[in-house]
Amino acid sequence: MRITVNGEAREVEADVRTTLLDLLREHLGLTGAKKGCDHGQCGACTVLVDGRRINACLSLAVMHEGDEVVTIEGLGTPDRLSPLQAAFLHHDGFQCGYCTPGQICSATAMLDEVAKGWASHVSDDLDHVALDDMEIRERMSGNICRCSAYPTIVAAIREVADAERLAEAAE
Ligand code: FES
Ligand code: FES
């Protein structure tokens, strides 16, 4: 199959039963996306497919022929961190770090969803979504952190969301 991963066109041969997560980790050597539950319950395997967040453990690789996949390795590099990667470091948004790649990929797509005006189950106003902490918690509820670093994860996401809002206001 052909698939673009982190901007690079790849041709991969894999069993049709291979999940996208196993394709990334076992065939392409991208171990950033983690296997926690392998059942769609923890979010550790979250990656972006054509800009939307998905659980890579729940999706067969062959379903992604021709798709563009971005993993944590594609969001930034150690000397050029993405805003969310930098904010997680700044706020200590992790302890063991196992959930962190999934948290950051998920938050990246989540901020995009908010920018598009998508409401969540806790949105009071469906036309004007205000990203308060309750909204962040609800929208990130598919990403479990066994170390319970939730307060600092929310703080990191809030910092980036606030910076984006200020930048928009200044335009
Ligand atoms: S490993 Fe995919 S959701 Fe847990
Ligand atoms: S930092 Fe350990 S699971 Fe989240």
Side-chain angles (χ1 to χ4, degrees), residues 1 3-6 10 12 14-65 67-78 81-114 118 120-122 131-161:
M1 64 175 292
I3 189 167
T4 300
V5 181
N6 297 333
R10 309 291 295 258
V12 203
D15 188 287
V16 290
R17 295 163 294 184
T18 307
T19 64
L20 178 59
L21 180 60
D22 284 340
L23 187 88
L24 293 168
R25 292 179 55 86
E26 309 297 335
H27 294 255
L28 298 177
L30 293 166
T31 55
K34 297 290 184 276
K35 186 178 284 191
C37 63
D38 214 17
H39 280 82
Q41 293 179 350
C42 72
C45 63
T46 305
V47 298
L48 309 180
V49 174
D50 295 335
R52 295 181 66 168
R53 51 181 169 168
I54 69 163
N55 289 336
C57 70
L58 283 189
S59 200
L60 291 173
V62 289
M63 295 164 63
H64 299 288
E65 170 79 32
D67 283 355
E68 296 209 8
V69 177
V70 175
T71 68
I72 189 72
E73 292 93 339
L75 286 181
T77 59
L81 297 174
S82 79
L84 275 164
Q85 287 172 324
F88 268 67
L89 271 180
H90 179 230
H91 288 276
D92 269 342
F94 50 83
Q95 190 173 323
C96 75
Y98 199 80
C99 72
T100 313
Q103 300 278 2
I104 293 176
C105 283
S106 190
T108 300
M110 183 274 280
L111 291 179
D112 200 36
E113 291 159 15
V114 173
W118 295 6
S120 80
H121 290 296
V122 298
L131 192 64
D132 56 22
D133 286 358
M134 177 77 88
E135 281 274 3
I136 293 176
R137 287 192 192 101
E138 164 64 20
R139 290 169 186 271
M140 294 298 294
S141 60
N143 291 82
I144 307 299
C145 176
R146 289 162 189 78
C147 301
S148 262
Y150 298 114
T152 49
I153 290 171
V154 171
I157 296 172
R158 158 133 322 290
E159 179 186 291
V160 175

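Values in this document were obtained by computation on a predicted structure and should not be read as measured data. Read the numbers this way: they start at 1 and go in the same order the structure lists the ligands and their atoms.
- If you number the atoms of ligand 2 from 1 as listed, the ones under 4.0 Å from a heavy atom of Gly97 come out as 1 (S), 2 (Fe).
- Backbone or side-chain N, O or S atoms of Cys147 do not reach atom 4 (Fe) of ligand 2 at under 2.8 Å.
- Angle subtended at atom 4 (Fe) of ligand 1 by Cys42 SG and Cys37 SG: 110°, rounded to 10 degrees.
- Here is the list of ligand 1 atoms found below 4.0 Å of a heavy atom in Gly40: 3 (S).
- The shortest heavy-atom contact between Gly76 and Gln85 is CA-OE1, 3.3 Å.
- Annotation: Glu73, atom CD; neighbour count of heavy atoms from other residues, nucleotides and ligands within 6.0 Å is above 12.
- Across the listed options Gly102, Cys99, Ala149, Cys99 owns the non-hydrogen atom lying nearest to atom 4 (Fe) of ligand 2.
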Side chain to side chain contact (heavy atoms under 4.5 Å, CB included) evaluation trace for Lys34 with Arg25:
CA-CA 8 Å; Lys34 297 290 184 276; Arg25 292 179 55 86; 4.0 Å; yes
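- Within the coordination shell of atom 4 (Fe) of ligand 1, defined by N, O or S atoms under 2.8 Å, His39 is absent.
- One distance of note links CG of Asp15 with CG of Leu60; it measures 10.0 Å at 0.5 Å rounding.
- Atom numbering of ligand 1 starts at 1 in the shown order; those under 4.0 Å from a heavy atom of Asp38 are 1 (S), 4 (Fe).
- Rounding to the nearest 0.5 Å gives a distance of 9.0 Å between CD1 of Ile153 and SG of Cys147.
- Contact record, Gly36 with Cys42: CA-SG, 3.7 Å, taken as the closest heavy-atom pair.
- With hydrogens left out, the protein atom closest to atom 1 (S) of ligand 2 is Gln95 N, 3.1 Å, a heavy atom.
- Within ligand 1, counting atoms from 1 as listed, the ones closer than 4.0 Å to a heavy atom of Cys45 are 1 (S), 2 (Fe), 3 (S).
- At a heavy-atom cutoff of 4.0 Å, ligand 2 is contacted by both the backbone and the side chain of Cys96.
- Between the CG atom in Leu58 and the CE atom in Met63 there is a gap of 10.0 Å [rounded to 0.5 Å].
- Atoms of ligand 1 found under 4.0 Å from any heavy atom of Cys57 (numbered from 1 in listed order, with element): 1 (S), 2 (Fe), 3 (S).
- The protein heavy atom nearest to atom 3 (S) of ligand 2 is Arg146 N, 3.2 Å.
- Under the 3.5 Å distance criterion, the side-chain polar atoms of Asp67 are left unmatched by any main-chain donor or acceptor of Asp50.
- Remark: ligand 1 atoms within the under-4.0 Å shell around heavy atoms of Gln41 are 3 (S).
- Contact atoms of ligand 2 toward Cys145: 1 (S), 3 (S), 4 (Fe) (distance under 4.0 Å to a heavy atom of the residue).
- To the nearest 0.5 Å, atom CZ of residue Arg158 and atom OG1 of residue Thr152 are 14.0 Å apart.
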